[in-house]
There are 2 protein chains.
Amino acid sequence: MITNKNCVIRLSRYKNALYRLQSLGFVRVFSDNLADAIGVLPSQVRKDFSLFGITGNKRGGYNIDSLIEKLNTILGKDQLQKVVIVGTGNIGSALMKYKGFEKEGISIAACFDIDPAKINRQAKIPVLPLEELKDFARANQIKIGVIATPDVAAQSALEMMLSAGIKGVLNFAPLRLRAPAEEIVINNVNLELELENVIYFVNALDKTRAA
Amino acid sequence: MITNKNCVIRLSRYKNALYRLQSLGFVRVFSDNLADAIGVLPSQVRKDFSLFGITGNKRGGYNIDSLIEKLNTILGKDQLQKVVIVGTGNIGSALMKYKGFEKEGISIAACFDIDPAKINRQAKIPVLPLEELKDFARANQIKIGVIATPDVAAQSALEMMLSAGIKGVLNFAPLRLRAPAEEIVINNVNLELELENVIYFVNALDKTRAA
DNA sequence: TGGATATTGTGAAATGAGGAACATTATGAT
DNA sequence: ATCATAATGTTCCTCATTTCACAATATCCA
Ligand SMILES: NC(=O)c1ccc[n+]([C@@H]2O[C@H](COP(=O)([O-])OP(=O)(O)OC[C@H]3O[C@@H](n4cnc5c(N)ncnc54)[C@H](O)[C@@H]3O)[C@@H](O)[C@H]2O)c1
Ligand SMILES: NC(=O)c1ccc[n+]([C@@H]2O[C@H](COP(=O)([O-])OP(=O)(O)OC[C@H]3O[C@@H](n4cnc5c(N)ncnc54)[C@H](O)[C@@H]3O)[C@@H](O)[C@H]2O)c1
């Protein structure tokens, strides 16, 4: 199994580039084109495909339609992916309102919160009390969850997800969640860290230039 | 100059862990403790510090207060960092409303949008017309910007930022921005990709287990 | 005070990802 | 039909980052 996250992220980028090419009427694509599109070298593209057993035609490149299909299968996008969000605050509702997920085959099935004021069963994406997470996730076979609670609530949210059978989590809370790695995949997005990182490099470049 | 992004991100994580330890009343810390806290090996911690010229005491570990101070200086947090946000939609306003930046020394000075309905000069964090970005950023010496516009508007937002003297950008739009690397630092956050990545690993683990 | 020990700091080794190179082969032209 | 050529697929190499290992040394305790 491939464990290199960057490699998988590149697959997603190839896929996005391929959709653009497809919509422009292209039928075939070469490793050079994809490399340009996502900013890597052609050999990287071929190596990535090779790793996942994707082959093209020597001198003929890759057929865009079948390449998209293969990538989608690898990325698990051949079936609708249902997601739940725990924590319907700033980030949670930003995700909930985002239109872009639908066309990517990602469907937000429901949100959960402990704040009674947030509950709304009638909304297109319902906001339900946290207690209902387990039953809902099991009933709807949800495999993927998003944690968008305050940091102090994140670990307990994770544990509820674990017991609800959720297998993958995107976590926005700025702390390291503890869980058995064999049981659940955790991807962290820490926006403060990302900003801090930009700040560091801006300052560091400044200092370098000054010296 | 250190160009390793992961290394800088670890510095931020050490810093966060140190604040927690400090608030618990600890005075000294060992590389083991920090390693546990952020999930790396102790030798990694020592090497990271060594790279940035941070030294501790053999057998005595590191003094938490002075370590925090050194990390903050390295990370550019010894001075308030003013940030502007372009695009005041779902993500932009989630960031705007987030309380956590303030205590990290990050201040959102203003937001910008092309939608007249979004403009609000009276708010604590004002939302201004996009045309005012350049003057505002120059007048307030803003170095850091966030792009939270739709993808089609992101490149032009970046170019406005460039001409406004902004040196670092956190970009949420799912595309590759073009800019001279020596003039501006760009950090991309692509939430769709992050979710897709979780989905991939969940499926991949499933298949591995099945086989 | 002195010896035992825990912990740092760093040079060396291992790992792993990315890039270069090239042999292979499908395509198209003559 | 044959040849020239363009593009793949894979091997090998390079480089960066991580991990190991240990000598150096500050601290603690007897
Ligand atoms: N908003 C941002 O821009 C931003 C930036 C950086 C980090 N973050 C992190 O993202 C997370 C979410 O941030 P936010 O700004 O959306 O927070 P928020 O306070 O706006 O929303 C949190 C939501 O979680 C709910 N909640 C609290 N405890 C809960 C629990 N135990 N179970 C379920 N729901 C619970 C609250 O009722 C609230 O609706 C936080 O951990 C924050 O540190 C956010
Ligand atoms: N919201 C999410 O959860 C989410 C998830 C994945 C990716 N993204 C990406 O993040 C970006 C922002 O997403 P969003 O959901 O906040 O979008 P949004 O549509 O809610 O907000 C975009 C805002 O940008 C403003 N805008 C449009 N053109 C502009 C311009 N030229 N200059 C300044 N402002 C302009 C709009 O008026 C609007 O207020 C998008 O690129 C989106 O693809 C968002």
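FYI, side chains are in, hydrogens and waters are out, and symmetry mates aren't considered; it's all heavy atoms of this structure. These figures come from a predicted structure and were not determined experimentally. So you know, we letter chains A, B, ... as the sequences are listed, proteins then strands, and number each from 1.
The distance between atom CG of Asp48(A) and atom C1' of dA17(C), rounded to the nearest whole Å, is 11 Å. For the pair Asn63(A) CG and dT8(D) P, the interatomic distance rounds to 13 Å; values are reported in whole Å. Remark: P of dT17(D) and CG of Leu11(B) are 13 Å apart, rounded to the nearest angstrom. Regarding Leu51(B), its CG atom lies at a distance of 12 Å from the C1' atom of dG9(C), rounded to whole Å. Atom P of nucleotide dG18(C) and atom CD1 of Ile2(A) are separated by 13 Å, given to the nearest angstrom. We find that CG of Leu34(A) is positioned 13 Å from C1' of dT8(D), with the value rounded to whole Å. In this entry the distance linking CG of Asn33(A) with C1' of dA7(D) reads 11 Å, nearest Å. What separates CZ of Phe30(A) from P of dA6(D) is a distance of 11 Å, to the nearest Å.
The phosphate of dA20(C) has neither OP1 nor OP2 within less than 4.0 Å of any side-chain N or O from Ser43(A). In this structure, Ser31(B) reaches the dT8(C) phosphate: one of its side-chain N or O atoms is under 4.0 Å from OP1 or OP2. Within the structure, a side-chain polar atom (N or O) of Tyr62(B) is placed less than 4.0 Å from OP1 or OP2 of dG9(C). Distances shown here put every side-chain N or O of Asn6(B) at or beyond 4.0 Å from the OP1 or OP2 atom of dA16(D). Contact annotation: Gln44(B) reaches the phosphate of dT19(D) (side-chain N/O to OP1 or OP2, under 4.0 Å). OP1 or OP2 of dT18(D) sits under 4.0 Å from a side-chain N or O of Arg10(B).
When distances run from any side-chain atom of Asn57(B) to the nucleotides dA26(D), dT8(D), dT8(C), the shortest one goes to dA26(D). Checking dG18(C), dT8(C), dT8(D) against the side-chain heavy atoms of Lys47(A) singles out dG18(C) as nearest.
Projected onto DNA chain C by closest heavy-atom contact, Gly60(B) and Asn4(A) fall at different nucleotides, the more 5' of which corresponds to Gly60(B). Sequence order on DNA chain C of the closest nucleotides to Thr3(A) and Arg46(A) puts Thr3(A) first from the 5' end.
Between Glu196(B) and Arg13(A), none of the side-chain N atoms (NZ, or NE/NH1/NH2) sits under 4.0 Å from a carboxylate O, so this pair counts as no salt bridge. Using a 4.0 Å cut-off between charged nitrogen and carboxylate oxygen, Glu182(A) and Arg209(B) do not count as a salt-bridge pair.
Side chain Arg59(A) to base dT5(D): a donor-acceptor pair is found below 3.5 Å. Contact annotation: side chain of Lys58(B) to base of dT7(C), donor-acceptor pair absent below 3.5 Å.
Among Asn33(B), Val27(B), Val29(B), the single residue meeting the side chain to side chain contact (heavy atoms under 4.5 Å, CB included) criterion with Ile64(B) is Val29(B). The side chain to side chain donor-acceptor pair (under 3.5 Å) test with Ser31(B) singles out one residue from Lys47(B), Gln44(B), Arg46(B), and that residue is Arg46(B).
Side-chain contact, Asp78(A) with Asn72(A): no donor N or O sits under 3.5 Å from an acceptor N or O.
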